[in-house]
Protein chains: 4
Amino acid sequence: MRQTKKSGDRFAKEPKQTRSRESLERLLTSAAKLLTEKKYSDFTLQEVSKVSNVSIGSIYNRFKGKDDLVRQIQQREVERMDIDSAVMINNLRRQQLPLRQLMPAVVHGFAEFLRKYRGILRALMEIAIVDEVVADTGRKHSVQNIGDYEKLLLECRDEITQPNPERAVNFVFRLVYASLSRYLGLGTVDESLEEGDWETLLDDLSDVSLHYLLGNPDQIRE
Amino acid sequence: MRQTKKSGDRFAKEPKQTRSRESLERLLTSAAKLLTEKKYSDFTLQEVSKVSNVSIGSIYNRFKGKDDLVRQIQQREVERMDIDSAVMINNLRRQQLPLRQLMPAVVHGFAEFLRKYRGILRALMEIAIVDEVVADTGRKHSVQNIGDYEKLLLECRDEITQPNPERAVNFVFRLVYASLSRYLGLGTVDESLEEGDWETLLDDLSDVSLHYLLGNPDQIRE
Amino acid sequence: MRQTKKSGDRFAKEPKQTRSRESLERLLTSAAKLLTEKKYSDFTLQEVSKVSNVSIGSIYNRFKGKDDLVRQIQQREVERMDIDSAVMINNLRRQQLPLRQLMPAVVHGFAEFLRKYRGILRALMEIAIVDEVVADTGRKHSVQNIGDYEKLLLECRDEITQPNPERAVNFVFRLVYASLSRYLGLGTVDESLEEGDWETLLDDLSDVSLHYLLGNPDQIRE
Amino acid sequence: MRQTKKSGDRFAKEPKQTRSRESLERLLTSAAKLLTEKKYSDFTLQEVSKVSNVSIGSIYNRFKGKDDLVRQIQQREVERMDIDSAVMINNLRRQQLPLRQLMPAVVHGFAEFLRKYRGILRALMEIAIVDEVVADTGRKHSVQNIGDYEKLLLECRDEITQPNPERAVNFVFRLVYASLSRYLGLGTVDESLEEGDWETLLDDLSDVSLHYLLGNPDQIRE
DNA sequence: GATGAATGAGGCTTCATTCAT
DNA sequence: AATGAATGAAGCCTCATTCAT
């Protein structure tokens, strides 16, 4: 079977690259999966090797060590999140909603976002305790992400009754973030985890946010 | 292959001899201290032994193993917190404050409480990820503690405009808890940690809570 | 990225119990033996553990690591050598020999000394390349040892015809040292090793030394 | 396996051979350089491949393994040294110097020679410990090289007062060799390395040699 | 041939737990 | 009871060598 080399050229170097690519993909995927399933101190390269069917040596051919692997995983995941987040924010912005509708939409959107990535986020937060690089990357990503949401909410600044809308929006968003994180067990499992209903929580968060942003300050003075 | 550890509520033997008591005391104190200072994976019995001047053998005479030691430490700390908490709540109750003054007082009181125990709480939360017994104990303690605060707030139920005061108070308190935990880095370090001012946060939390509890539901409807 | 290792003067714990003492003894002896029999890069703790019947863990209970073990071995051997050397030098000094008899005696004595310790010396010299602490200790010991021999020879300074007896003695002793080291393969095996006769070498070294120390400088000028 | 071996059309391979030659050259040169810069246990094919820009696979196509590569390097270097040495010896021979001038000239020449090749010599001596083939080659080369110097010196045999000029010259040359090697750190670093002055050492070595070769044997008898 | 990804044995080290004294 | 030496499984990482492309 003689083949003309014309069409074949495209694939000339493909096979090698493909095999490599595949095993790298397997490696990163398995590693990310293990990371989300375990405590970091139980996350071992031996198991990554076993589960991904990539030898220890190969892991070390591609990454400088355990730290490096974890950081690359973080990069990959953060990039995914950024895209996801950007798409969602853009969709919300297009709708030009009033705050009363935007706030619940933002809460739901952000909540879904966190829920989708809770596994890897929890893992990365744990690692951030001991790996300053992971901490930095996470911090930068988070600040940017939160900033985007705040900018979106501030497009309704005229509706906000609080004297300092920026501050108010920032505070409210942190409130939401903290509550959701806690519910999802980001930043560690803790005692009150998962009690209550997710949808109810989201509604309550929207409510409380609107009460604060749209409220009459006199109400809470004597 | 590590699973969350189950089973096992036992008590350390309570030696009546003074020397024994002292060394047990030294042991628990040093261990608790180390626990708050380190990641759990860096918390080793070897170091506990060295720092507390209690031999490894003695540790194993008193405790079944590392897990058991940690659980006993948790017991001890939780009891302390319970007392602390009870005293504070009682003091607040006595004053019979209206909600507008009670809420800030509760927020400040609870905040100080969390701040005081943040070290050990962070450690225990980390351990709770892998030790089901620690998780359970923490959960129970937390539920009870939170319940006490809620009961206190509900003594002002007549002032609350939300249709379901119990639910509203419960939600608000969780909001406060989540925000404070996040600020204090309980449940792991994360990206937005420690930015902003503590006192401002407390005031904002009081404000937002009052806006919610005392607000007019119509405000947030169209 | 390997650097010469610095720092570190610590001591192995000195167990008082017999069993402990014995196993430490077994450990050090086996380790020293293996060290003399192998290239340093083939000297592994696993084998030390196997040969000495002391578990890896025990090795790490007594020594901070491989480097520390090696340094402790050096200490032990150097102390032995110092004693050996001091005794021999003292014996020679007592006899108050004239240079013509002292020189051969010194050469023979020093030669025997080196021969006795050639194994461990060769090993330590190899290690000195990568471990600055071992290098320092070796250097200090060597300088002191050589100094003692030179002082002994200088007690015959009146017989020496060279204008600067100190310099001459120092040079001659280095000559002897270099030749013996080479013969014994200290400072690595090399190509001409072991050819020729040991006794003849010693006699020749004595001769050449005496020719130099007692010679007439005019002989070598035109 | 369908190779028809004809003698024709071999020119087609010329360019490839050139390229091959070049990469072999690069390989050997880089490898020799790395060898002189590192401990043998830090000399890895991985790094040779990287530095020389020759793939691991190619290295294994050309050499049977690490040992073989090292042996080929030795061959190449030894040939270079032989030429260098031969040229120098021939130059000295032409001048027909008397021993009093020849000896210093030989010492200086040989010293420069060792100094020039100290890097690779040190590396090869280290390898010789574990590779008998390298040891053999080194030994043969060394014996031949030393022999040449001795023959040169023996052209002045009439001036030598020692009863057995061959033996005396042989001994003296080994003395010189040993001292220079030690000074240059060939055959490993050791404790007294590099102290003192190079030029002074060379002069002293010439002096001591002449004292021995031209001395009066009676001087050292009673 | 050339390439370099893949392999895995083997080295160092840590630490929970056991056990002789 | 107290002590702490002893144990060894398990983790990280390196590098000579193999093998598919």
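Being a predicted model, the structure only gives us computed values, none of them experimental.
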Chemist: Just compare E:dC12, F:dA5, F:dC15 and give me whichever is closest to any side-chain atom of B:I56.
Modeler: F:dA5
Chemist: Does any part of the side chain of A:S23, heavy atoms only, come nearer than 4.5 Å to the side chain of A:V54, both counted from C-beta?
Modeler: yes
Chemist: Which pair of heavy atoms, one from C:R62 and one from C:D68, lies closest together, and at what distance?
Modeler: O-OD2, 4.5 Å
Chemist: Does any donor-acceptor pair link the side chain of A:N61 with the base of E:dA6 at a separation under 3.5 Å?
Modeler: yes
Chemist: Please tell me if C:R21 has a side-chain N or O lying less than 4.0 Å from either OP1 or OP2 of F:dA5.
Modeler: no
Chemist: What is the nucleic acid contact for A:G57, judged by heavy atoms within less than 4.0 Å: base, sugar-phosphate only, or nothing?
Modeler: base
Chemist: For D:E22 and E:dA2, what is the distance between atoms CD and C1' respectively, to the nearest whole Å?
Modeler: 15 Å
Chemist: Might you point out which heavy atoms bring C:D131 and C:R71 nearest each other, and give the distance in Å?
Modeler: OD2-NE, 2.9 Å
Chemist: Ignoring the backbone of B:T44, work out which of E:dA16, E:dC12, F:dT17 is nearest its side chain.
Modeler: E:dA16
Chemist: Between atom CD of A:E25 and atom OG of A:S30, what is the distance when rounded to the nearest 0.5 Å?
Modeler: 9.5 Å
Chemist: Please list, in numerical order, the residues of residues 66-73 of chain A that have a heavy atom closer than 4.0 Å to any atom of DNA chain F.
Modeler: A:K66
Chemist: Within this structure, what is the CG-CG distance for the pair C:L27 and C:L24, rounded to the nearest 0.5 Å?
Modeler: 6.0 Å
Chemist: When you measure from the side-chain N and O atoms of A:R62 to the phosphate of E:dA6, is any distance below 4.0 Å, counting only OP1 and OP2?
Modeler: yes
Chemist: Please report the distance, rounded to the nearest Å, between NZ in D:K64 and C1' in F:dT18.
Modeler: 17 Å
Chemist: Whole angstrom is fine here: how far is it from CG in C:L45 over to P in F:dA9?
Modeler: 17 Å
Chemist: Whether C:S20 contacts F:dA5 is assessed here as follows: a side-chain N or O lying under 4.0 Å from the phosphate OP1 or OP2. Is that the case?
Modeler: no
Chemist: Using heavy atoms to find the nearest nucleotide of DNA chain F for A:Y60 and B:S55 separately, return the residue whose nucleotide is more 5′.
Modeler: B:S55
Chemist: Taking CG from A:D42 and P from F:dA9, how many angstroms apart are they, rounded to a whole number?
Modeler: 19 Å
Chemist: Can you list the residues that meet the side chain to side chain donor-acceptor pair (under 3.5 Å) rule with A:R26, with sequence neighbours excluded?
Modeler: none
Chemist: Can you tell me if NZ on C:K39 sees more than 12 non-hydrogen neighbours from other groups inside 6.0 Å?
Modeler: yes
Chemist: Can you tell me the distance, in whole Å, between the CG atom of A:L34 and the C1' atom of F:dG11?
Modeler: 15 Å
Chemist: Output the rounded distance in Å from CZ (B:F63) to P (F:dA2).
Modeler: 12 Å
Chemist: For the CE atom of C:M125 and the CD1 atom of C:I120, what is their distance to the nearest 0.5 Å?
Modeler: 11.0 Å
Chemist: Would you mind telling me which residue lines up with the more 5' stretch of DNA chain E, C:E47 or D:I59, judged by nearest nucleotide?
Modeler: D:I59
Chemist: Within the pair C:S49 and F:dT7, is there a side-chain N or O less than 4.0 Å away from OP1 or OP2?
Modeler: no
Chemist: Please tell me if C:S23 has a side-chain N or O lying less than 4.0 Å from either OP1 or OP2 of F:dA6.
Modeler: yes
Chemist: Taking donor-acceptor contacts at under 3.5 Å, does the side chain of D:Q46 reach the base of F:dA16?
Modeler: yes
Chemist: How bent is the helix from E:dA2-F:dT21 to E:dT21-F:dA2, measuring the angle between the end axes built from five pairs each, rounded to 10°?
Modeler: 10°
Chemist: Testing the basics here: between B:L28 and B:I73, what is the closest heavy-atom pair and its distance to 0.1 Å?
Modeler: CD2-CG1, 3.7 Å
Chemist: Atom CG of A:L27 to atom C1' of E:dT7: distance rounded to whole Å?
Modeler: 14 Å
Chemist: Assess D:K66 against D:Y40: is NZ or CZ under 6.0 Å from the centre of the six-membered ring, and within 45 degrees of the ring's axis?
Modeler: yes
Chemist: To the nearest Å, how far apart are B:K39 NZ and E:dC15 P?
Modeler: 13 Å
